[in-house]
Amino acid sequence: MGGVVETHAGWTFLTSHARVLAAIAEDHRTRIRDIAARCRLTERAVQKIISDLEEAGYLTHTREGRTNAYRIVPGTILRHPAEAGMTVEALLSALAQHDAQRDGQPRSTGSAPS
């Protein structure tokens with residue numbers, strides 16, 4: 001399961017960093033292998049993205065046995081000036097709401113998990 005199942009040519013609206021963060025928000029104990037499969041990235045790319053997110057203060061992790069448990073820092077402000085003032089929590093909440101609507105679940109008005 002080391003390879004990327006399906007590639008995508010061209011640009012997308014969400015960056016790989018946003019996709020990885022959303023995958024972690026959904027399951028804080030998810031494995032890099034599972035994030036890679038979900039986001040259609042290589043495991044190496046996911047490791048680099050997690051490192052970037054930790055270095056920038058969006059994410060921390062603790063070792064729990066043989067796995068990592070991730071913690072998203074919800075109040076962290078998004079990096080691009082066009083999103084000035086928007087927090088990672090607000091972004092993840094919007095993505096979770098979209099996923100819930102797509103999957104036919106009731107709309108959630110609460111914040112995204114941290």
Side-chain angles (χ1 to χ4, degrees):
M1 182 174 218
V4 176
V5 176
E6 177 182 317
T7 60
H8 174 79
W11 61 274
T12 63
F13 282 100
L14 293 179
T15 67
S16 295
H17 285 65
R19 291 179 193 280
V20 167
L21 199 61
I24 291 170
E26 190 170 294
D27 179 1
H28 294 281
R29 288 179 178 79
T30 190
R31 299 177 306 168
I32 287 176
R33 172 179 293 164
D34 297 331
I35 295 170
R38 175 181 172 166
C39 297
R40 294 182 170 87
L41 299 168
T42 64
E43 290 179 33
R44 184 180 202 117
V46 171
Q47 287 173 331
K48 171 69 169 111
I49 290 168
I50 288 173
S51 176
D52 289 347
L53 292 169
E54 285 186 308
E55 189 175 303
Y58 291 95
L59 186 66
T60 62
H61 81 274
T62 55
R63 195 79 176 149
E64 293 183 355
R66 295 178 59 189
T67 62
N68 287 322
Y70 300 98
R71 182 185 165 287
I72 295 171
V73 182
T76 309
I77 303 296
L78 299 182
R79 293 170 51 113
H80 196 281
E83 290 95 34
M86 184 176 192
T87 64
V88 110
E89 181 177 31
L91 172 66
L92 292 172
S93 180
L95 291 174
Q97 184 175 359
H98 171 268
D99 287 350
Q101 287 174 334
R102 179 193 64 207
D103 296 340
Q105 299 170 359
R107 217 181 245 204
S108 171
T109 57
S111 63
S114 60

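The chain is numbered in sequence order, starting from 1.
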Rounded distance (nearest 0.5 Å) linking atom CD of Glu43 with atom CG of Asp34: 9.0 Å
With a 4.5 Å cut-off on side-chain heavy-atom distances among I, L, V, M, F, W and Y, is there a chain of contacts connecting Leu59 to Ile77? no
Could you name each residue pair satisfying salt bridge (charged side-chain N to carboxylate O under 4.0 Å, His left out) that touches residues 48-63, not counting sequence neighbours? Lys48-Asp52
With sequence neighbours left out, write down each residue that passes side chain to side chain contact (heavy atoms under 4.5 Å, CB included) with Ser51, or none if nothing qualifies. none
Non-hydrogen atoms of Ala23 and Thr30 that approach each other most closely: O-CG2, 4.3 Å
Going by the rule salt bridge (charged side-chain N to carboxylate O under 4.0 Å, His left out), which residues pair with Asp27 if we only count those two or more places apart in sequence or in a different chain? none
Enter the distance from Thr42:OG1 to Gln47:CD here, rounded to the nearest 0.5 Å. 8.5 Å
Closest heavy-atom pair and its distance - Ala36, Val46: CA-CG2, 3.7 Å
If only atom types and distance count, is the side chain of Thr76 paired as donor or acceptor with the main-chain N or O of Gly57 below 3.5 Å? yes
If you measure from CD1 on Ile24 to CG on Asn68, what distance do you get to the nearest 0.5 Å? 9.5 Å
Taking side chain to side chain contact (heavy atoms under 4.5 Å, CB included) as the test, write out the residues that go with Leu91, two or more places apart. Leu78, Met86, Leu95
Non-hydrogen atoms of Gly75 and Thr87 that approach each other most closely: O-CG2, 3.8 Å
Residue set satisfying salt bridge (charged side-chain N to carboxylate O under 4.0 Å, His left out) with Arg19, at least two apart, ordered chain then number -> none
Working to the nearest 0.5 angstrom, can you tell me the gap between His17 NE2 and Leu53 CG? 5.5 Å
With Tyr70, which of Thr60, Ile50, Leu21 fulfils side-chain contact (heavy atoms from CB on, under 4.5 Å)? Ile50
Residues two or more places apart in sequence or in another chain: which of them pass side chain to side chain donor-acceptor pair (under 3.5 Å) with Glu64? Arg29
